[in-house]
Amino acid sequence: MTEKTPRVWFITGSSTGFGRSLTEAVLKHGDRVVATARKPEQLDDLIQQYPAAAKAVRLDVTKPQEVRDAIKATIDAFGRIDVVVNNAGYGSIGAIEEVSDEAIRYQFETNVFGALDVMRAVLPTLRHQQSGHILNISSVGGFVSFGASGIYCATKFALEAFSEALAQEVAHLRIKVTIVEPGAFRTDFNGRSLAAPDTLMDEYASSSGAMLQWLKDMDGKQPGDPDKAAAAMIQVVESDNPPLRLALGADAVETIAAKLESVKAELDVWKQVSVDTAFEGAVVGAIGG
Ligand SMILES: NC(=O)c1ccc[n+]([C@@H]2O[C@H](COP(=O)([O-])OP(=O)(O)OC[C@H]3O[C@@H](n4cnc5c(N)ncnc54)[C@H](OP(=O)(O)O)[C@@H]3O)[C@@H](O)[C@H]2O)c1
């Protein structure tokens with residue numbers, strides 16, 4: 001593809017926040033987009049503004065048939081898919097013991113199985129094209145886990161695990177994968193997209209409860225600008241050498257760097273105990289190497 005050929009984007013969760021900002025930025029950039037949403041009418045204004053370049057398609061990522069239909073609608077409309085953005089998601093918060101079984105499962109249905117379904121549905125097209133870029137919107141919480149966010153972070157760790165594996169599996173097919181790890185950005189996330197248990201336990205008030213309150217208090221005050229995040233994502237897609245991981249926000253950079261340092265320090269302190277577990281004389285190297 002030459003620099004001037006418009007790319008075709010497929011974005012989930014385009015109604016608000018990152019999805020909306022990215023959809024707008026992509027259209028301003030001159031690309032084509034299938035913007036998906038549970039209520040596609042929320043995108044009517046953009047479709048009117050860009051009738052040839054934008055298409056809105058209904059997609060609840062927890063509904064596999066809607067996933068397949070939305071991918072097909074993209075091919076029918078534009079003939080190809082160049083960039084897939086798994087953005088739809090929300091945060092199930094609360095202490096591990098507080099969150100209900102049902103809430104945990106629905107969190108995984110959305111953030112993990114939803115993204116996995118989209119990826120698996122689109123891969124035949126990308127393989128056939130021998131091109132494409134998958135952007136999976138994780139979180140700083142996909143690299144570092146926090147109290148009150150254990151379930152949410154588990155979904156983002158899972159997203160990162162299969163993204164990292166996929167990147168290795170498809171590199172020779174000229175398909176790229178980037179994991180995006182935002183810190184706190186001013187979207188609807190800390191408001192309507194945080195799902196907390198109806199009843200909180202007193203026993204967790206000082207640990208999980210305090211973090212939960214911090215997350216709620218952050219609503220409307222997050223430092224990150226989703227429009228700037230959208231510009232960064234476009235920059236990654238245009239790069240000849242895109243990263244596997246892209247942290248967004250100084251908070252994400254600092255938090256991830258601190259974890260890398262602490263993991264390394266702990267690895268060093270316990271190294272002898274770790275390595276002394278092989279059979280006598282066994283040859284040990286890096287996994288997969
Ligand atoms: N903002 C942050 O600080 C932050 C930080 C790290 C990661 N993230 C990640 O960024 C992504 C987007 O969130 P946001 O910050 O832009 O928040 P947002 O403004 O609340 O947007 C969330 C989007 O996800 C959609 N969604 C939720 N469940 C869905 C489902 N089952 N099917 C389809 N769409 C669904 C919502 O659609 P409806 O309008 O229909 O509800 C909405 O479009 C999420 O994956 C989130 O985990 C956000």
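Note that ligands are numbered from 1 as they come in the structure, with each ligand's atoms numbered from 1 the same way.
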Is it the side chain (CB and beyond), the backbone, both or neither of [X] that lies under 4.0 Å from ligand 1, heavy atoms counted?
| X | value |
| --- | --- |
| Asp188 | both |
| Lys156 | side chain |
| Lys39 | neither |

* Close-contact set for ligand 1 against Arg192 heavy atoms, below 4.0 Å ->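 In order of numbering, the contacting atoms are 38 (P), 39 (O), 41 (O), 42 (C).
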Please indicate whether any nitrogen or oxygen in [X] is less than 3.5 Å from any nitrogen or oxygen in ligand 1.
| X | result |
| --- | --- |
| Phe18 | yes |
| Phe185 | yes |
| Ser139 | no |

Reported [atom1]-to-[atom2] distance for the pair [X] and [Y], which is rounded to 0.5 angstrom:
| X | Y | atom1 | atom2 | result |
| --- | --- | --- | --- | --- |
| Met233 | Phe18 | CE | CZ | 5.5 Å |
| Tyr204 | Leu212 | OH | CG | 13.5 Å |
| Thr125 | Lys72 | OG1 | NZ | 11.5 Å |
| Leu46 | Ser14 | CG | OG | 9.0 Å |
| Asp251 | Met218 | CG | CE | 7.0 Å |
| Asp227 | Lys28 | CG | NZ | 6.5 Å |

Considering only the protein, which heavy-atom contact is closest to [atom], and what is its distance?
| atom | value |
| --- | --- |
| atom 27 (C) of ligand 1 | Arg38 NH2, 3.5 Å |
| atom 37 (O) of ligand 1 | Ser15 OG, 3.5 Å |
| atom 21 (O) of ligand 1 | Thr16 OG1, 3.4 Å |

So between [options], whose heavy atom ends up nearest [atom]?
| atom | options | value |
| --- | --- | --- |
| atom 5 (C) of ligand 1 | Ala184, Gly191, Gly183, Ala115 | Gly183 |
| atom 24 (O) of ligand 1 | Gly17, Gly89, Pro40 | Gly89 |
| atom 35 (C) of ligand 1 | Ala88, Gly13, Ser138 | Ala88 |
| atom 31 (N) of ligand 1 | Leu215, Leu59, Asp60, Asn87 | Asp60 |
| atom 8 (N) of ligand 1 | Tyr152, Tyr90, Tyr106 | Tyr152 |

Taking every non-hydrogen atom, the tightest pair across Asn111 and Tyr90
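Between these two residues, the closest heavy atoms are ND2-O, 3.0 Å.
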| query | Should the pair Glu181-Arg245 be classified as a salt bridge under the 4.0 Å nitrogen-to-oxygen rule? | reply |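 So Glu181 pairs with Arg245 through a salt bridge.
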Whether Glu24 and Arg20 form a salt bridge (side-chain N of Lys/Arg under 4.0 Å from carboxylate O of Asp/Glu) is what I want to check.
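Salt bridge flag = yes for Glu24 with Arg20.
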| request: Using non-hydrogen atoms of the residue, decide whether Thr12 is closer than 4.0 angstrom to ligand 1. | output: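 Checking ligand 1 against Thr12, which is what was asked, there is no heavy-atom contact under 4.0 Å.
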Review point. Under 4.5 Å between side-chain heavy atoms, hopping through other hydrophobics if needed: is there a path connecting Leu123 to Val177?
Key: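 Yes, it is one cluster - the side chains of Leu123 and Val177 are joined through contacts under 4.5 Å.
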